[in-house]
Amino acid sequence: MQIKHLEQKNQSYRNIKLSGLTIKAFLNGIANAGAENIDFSKATIQVILTRANQSHVIAQNNLKVLGLASSIDSLNQAAFADTIDTGFVLTSATTSMVSFLIPFGGIIDLEGDDEIYIEVVNNAGLFGDPALFASSYLEIKPVKAVGVERFIPRIRAYVIQANETANQYMLEDNLIRLAIINFDKTSFLNNVVNNLIFSSATLDETYTFSDLIANKISRYGRQLLPHADADLSVDMQQDQSFVLTDFHQEFDAVVLDMQFNSANVNASCNYIVAWNYSTSWTILAKADAKNKAANAVTTAKINAVSVKGK
């Protein structure tokens, strides 16, 4: 689906398996004209699953919140720099692209009347230069996947209010990813978060600001290009966006207690973004049946090879 300047567009999908969305922004200047600036907060998206006459909101927010929360400590985080100079040039100095992925954290298997509805609205300010308006656009596609569905994911964002000193966030059960994002800090100076306490049914942990930085350095270091002669130069992202947990574990009864340096908490610049899920016996029974069927096919193949080899 392609969405142009000031355009609202939607598309529905059926009979596919998907695990997320890819977002690509194509910035098309005219004979090198046009500043390649893009502000993903000016594009909003909603992703809704309809199944058995019930609607499930998978995600509903602007692409800057969802995109940065999905891209922390990866090379895709360059999409949220002040300019897209780190984008990839596709044609001779006239077209460049920035891209990122919004993962769901699991597979959604669309069968029968199941439907995923995606709606995107591009508002004024998405593309920063009038020279780019006519031919620049977003392209959004589902990430097709292989596997079985075990739950219905949802992504929710909680805004941290300006000048906040402390707050408690009830993030509920089945938490599979948690990110703290910030839009206005480009270094580790002038910290927003003083410390936080992550509490759950299985883990209680306290993080100071220096703990968050240390974890970020460790995570981001694994994404850096390893060779000195690599084609792309990569700098450490010294921003104040952090990942606390990332799809490798899940937590129940999650509570986040946070203390802030209130003088550094600016309006609409700080968010908590949580990936949770819901499931049912119907979903789990279907997943189990599909796993058994796949195992039966694998067993039959092994038996066939074993008989042939005798």
Task: Donor-acceptor under 3.5 Å (Asp239 side chain, Lys185 main chain) - done: no
Open item on the list: With a 3.5 Å distance limit and no angle check, can you tell me whether Asp39 reaches the backbone of Leu126 through a side-chain donor-acceptor pair?
Closed with: no
Open item on the list: Under a plain distance cut-off of 3.5 Å, with no hydrogens placed, do Glu119 and Tyr117 share a side-chain donor-acceptor pair?
Closed with: yes
TODO: Show the numbers, then the answer: is there a side-chain contact (heavy atoms from CB on, under 4.5 Å) between Leu49 and Ile152?
DONE: CA-CA 9 Å; Leu49 168 67; Ile152 299 174; 4.0 Å; yes
Task: Criterion salt bridge (Lys or Arg N to Asp or Glu O under 4.0 Å) on Lys290 and Glu111, from CA distance to verdict - done: CA-CA 13 Å; Lys290 290 188 174 184; Glu111 297 182 314; 2.6 Å; yes
Task: Least distance between heavy atoms, Ser241 atom then Asp73 atom - done: O-OD1, 4.4 Å
TODO: Evaluate the criterion side-chain hydrogen bond (donor to acceptor under 3.5 Å, both in side chains) for residue pair Thr208 and Asp211; output intermediate values, then yes/no.
DONE: CA-CA 5 Å; Thr208 64; Asp211 290 333; 3.1 Å; yes
Open item on the list: Membership question, hydrophobic clusters at under 4.5 Å side-chain separation (ILVMFWY): are Phe260 and Val255 in the same one?
Closed with: no
Open item on the list: Assess the residue pair Asn182 and Asn270 against the criterion (side-chain hydrogen bond (donor to acceptor under 3.5 Å, both in side chains)); give the C-alpha distance rounded to whole Å, side-chain angles, the decisive distance to 0.1 Å, and a yes or no.
Closed with: CA-CA 5 Å; Asn182 169 270; Asn270 300 280; 2.6 Å; yes
Task: side-chain hydrogen bond (donor to acceptor under 3.5 Å, both in side chains) between Tyr207 and Glu205, worked out - done: CA-CA 7 Å; Tyr207 298 90; Glu205 184 61 279; 5.1 Å; no
Open item on the list: Would you say that Met1 contacts Lys9 through its side chain, given a criterion of any heavy-atom pair below 4.5 Å between the two side chains?
Closed with: yes
- [ ] Indicate whether any N or O donor in one side chain lies under 3.5 Å from an N or O acceptor in the other, for Asn266 and Asp184.
- [x] yes
TODO: Kindly give the heavy-atom pair with the smallest separation between Asn276 and Asp173, and that separation in Å.
DONE: ND2-O, 2.8 Å
Open item on the list: Just verifying a value: how many Å separate Asn122 CG and Ile3 CD1, rounded to the nearest 0.5 Å?
Closed with: 6.0 Å
- [ ] Compare all side-chain heavy atoms of Phe104 with those of Val143 and state whether any distance is below 4.5 angstrom.
- [x] no
Task: Ser12 OG to Glu115 CD distance, which is reported to the nearest 0.5 Å - done: 3.5 Å
TODO: Give the C-alpha distance, both sets of side-chain angles, the deciding distance and a yes or no for side-chain contact (heavy atoms from CB on, under 4.5 Å) between Ile102 and Thr22.
DONE: CA-CA 6 Å; Ile102 300 176; Thr22 58; over 6 Å; no
Open item on the list: Any side-chain to backbone donor/acceptor pair from Lys144 onto Ile16? Under 3.5 Å, distance only.
Closed with: no
Task: Shared-cluster residues of Trp281, by chain and number - hydrophobic side chains joined below 4.5 Å - done: Leu284
- [ ] For Thr279 and Arg150, indicate whether the former's side chain and the latter's backbone hold a donor-acceptor pair under 3.5 Å.
- [x] yes
Open item on the list: Looking at every heavy atom in both Tyr169 and Glu164, which two are closest together, and how far apart are they?
Closed with: OH-OE1, 4.3 Å
- [ ] Could you walk me through whether Ile118 and Asn10 pass side-chain contact (heavy atoms from CB on, under 4.5 Å), step by step?
- [x] CA-CA 5 Å; Ile118 301 173; Asn10 63 74; over 6 Å; no
TODO: Working to the nearest 0.5 Å, report the span between CD1 of Ile116 and OG1 of Thr50.
DONE: 8.0 Å
Open item on the list: Please evaluate residues Leu244 and Leu196 with respect to the criterion side-chain contact (heavy atoms from CB on, under 4.5 Å), reporting the C-alpha separation (whole Å), side-chain torsions for both, the decisive distance (0.1 Å), and the verdict.
Closed with: CA-CA 11 Å; Leu244 293 185; Leu196 62 87; 4.0 Å; yes
Open item on the list: When you group the ILVMFWY residues by side-chain heavy-atom contacts below 4.5 Å and let the links chain together, are Phe247 and Ile107 in the same group?
Closed with: no
- [ ] Give a yes or no answer on whether the side chain of Gln240 reaches the backbone of Ser187 with a donor-acceptor pair at less than 3.5 Å.
- [x] yes
Task: Hydrophobic cluster membership, Val265 vs Tyr158, 4.5 Å side-chain cutoff - done: yes
Sequence neighbours left out, cut at 3.5 Å: what donor-acceptor pairs do the side chains of residues 53-62 make with other protein atoms?
residue, atom, partner, partner atom, Å
Asn62, OD1, Lys64, N, 2.9
Asn62, OD1, Val65, N, 2.9

Open item on the list: According to salt bridge (charged side-chain N to carboxylate O under 4.0 Å, His left out), who are the partners of Arg51, at least two apart in sequence or on a separate chain?
Closed with: Asp114, Glu149
Task: Ring centers of Phe198, Phe251 separated by less than 6.0 Å - done: yes
Open item on the list: Could you check whether Glu172 pairs with Arg154 (Lys NZ or Arg NE/NH1/NH2 to Asp/Glu carboxylate O, under 4.0 Å)?
Closed with: yes
Open item on the list: Suppose we call two aromatic rings close when their centres sit under 6.0 Å apart. Are Phe40 and Phe80 close by that rule?
Closed with: yes
Open item on the list: Please determine whether side-chain hydrogen bond (donor to acceptor under 3.5 Å, both in side chains) holds for the pair Gln168 and Asp257, giving the CA-CA distance in whole Å, both sets of side-chain angles, and the decisive distance to 0.1 Å.
Closed with: CA-CA 4 Å; Gln168 184 179 79; Asp257 285 291; 2.9 Å; yes
Open item on the list: Between Ile72 and Lys216, is there a side-chain heavy-atom distance shorter than 4.5 Å?
Closed with: yes
Open item on the list: With a 4.5 Å cut-off on side-chain heavy-atom distances among I, L, V, M, F, W and Y, is there a chain of contacts connecting Val243 to Leu66?
Closed with: yes
Task: Atom of Val273, atom of Ala157 and distance for their closest heavy-atom approach - done: CG2-CB, 4.2 Å
TODO: Working to the nearest 0.5 Å, report the span between CG of Asn195 and CG of Asn191.
DONE: 10.0 Å
- [ ] Taking all non-hydrogen atoms of both residues into account, name the closest pair between Ala79 and Phe100 and its distance.
- [x] CB-CD2, 4.0 Å
TODO: Using modelled atom types only, decide if a donor and an acceptor are shared between the side chain of Asn167 and the backbone of Ile160 within a distance under 3.5 Å.
DONE: no
TODO: Please confirm whether the backbone N or O of Pro103 pairs with a side-chain atom of Trp275, one donor and one acceptor, at under 3.5 Å?
DONE: yes
TODO: Kindly give the heavy-atom pair with the smallest separation between Ser70 and Leu101, and that separation in Å.
DONE: CB-O, 3.2 Å
Open item on the list: Contact between Tyr277 and Ile176 at the side-chain level, heavy atoms closer than 4.5 Å - yes or no?
Closed with: yes
Open item on the list: Let me check something: do Leu18 and Ile48 share a hydrophobic cluster, defined by ILVMFWY side-chain heavy atoms less than 4.5 Å apart, either directly or through other members?
Closed with: no
- [ ] State whether the side chain of Asp252 and the backbone N or O of Asn174 hold a donor-acceptor pair below 3.5 Å, judged by distance alone.
- [x] yes
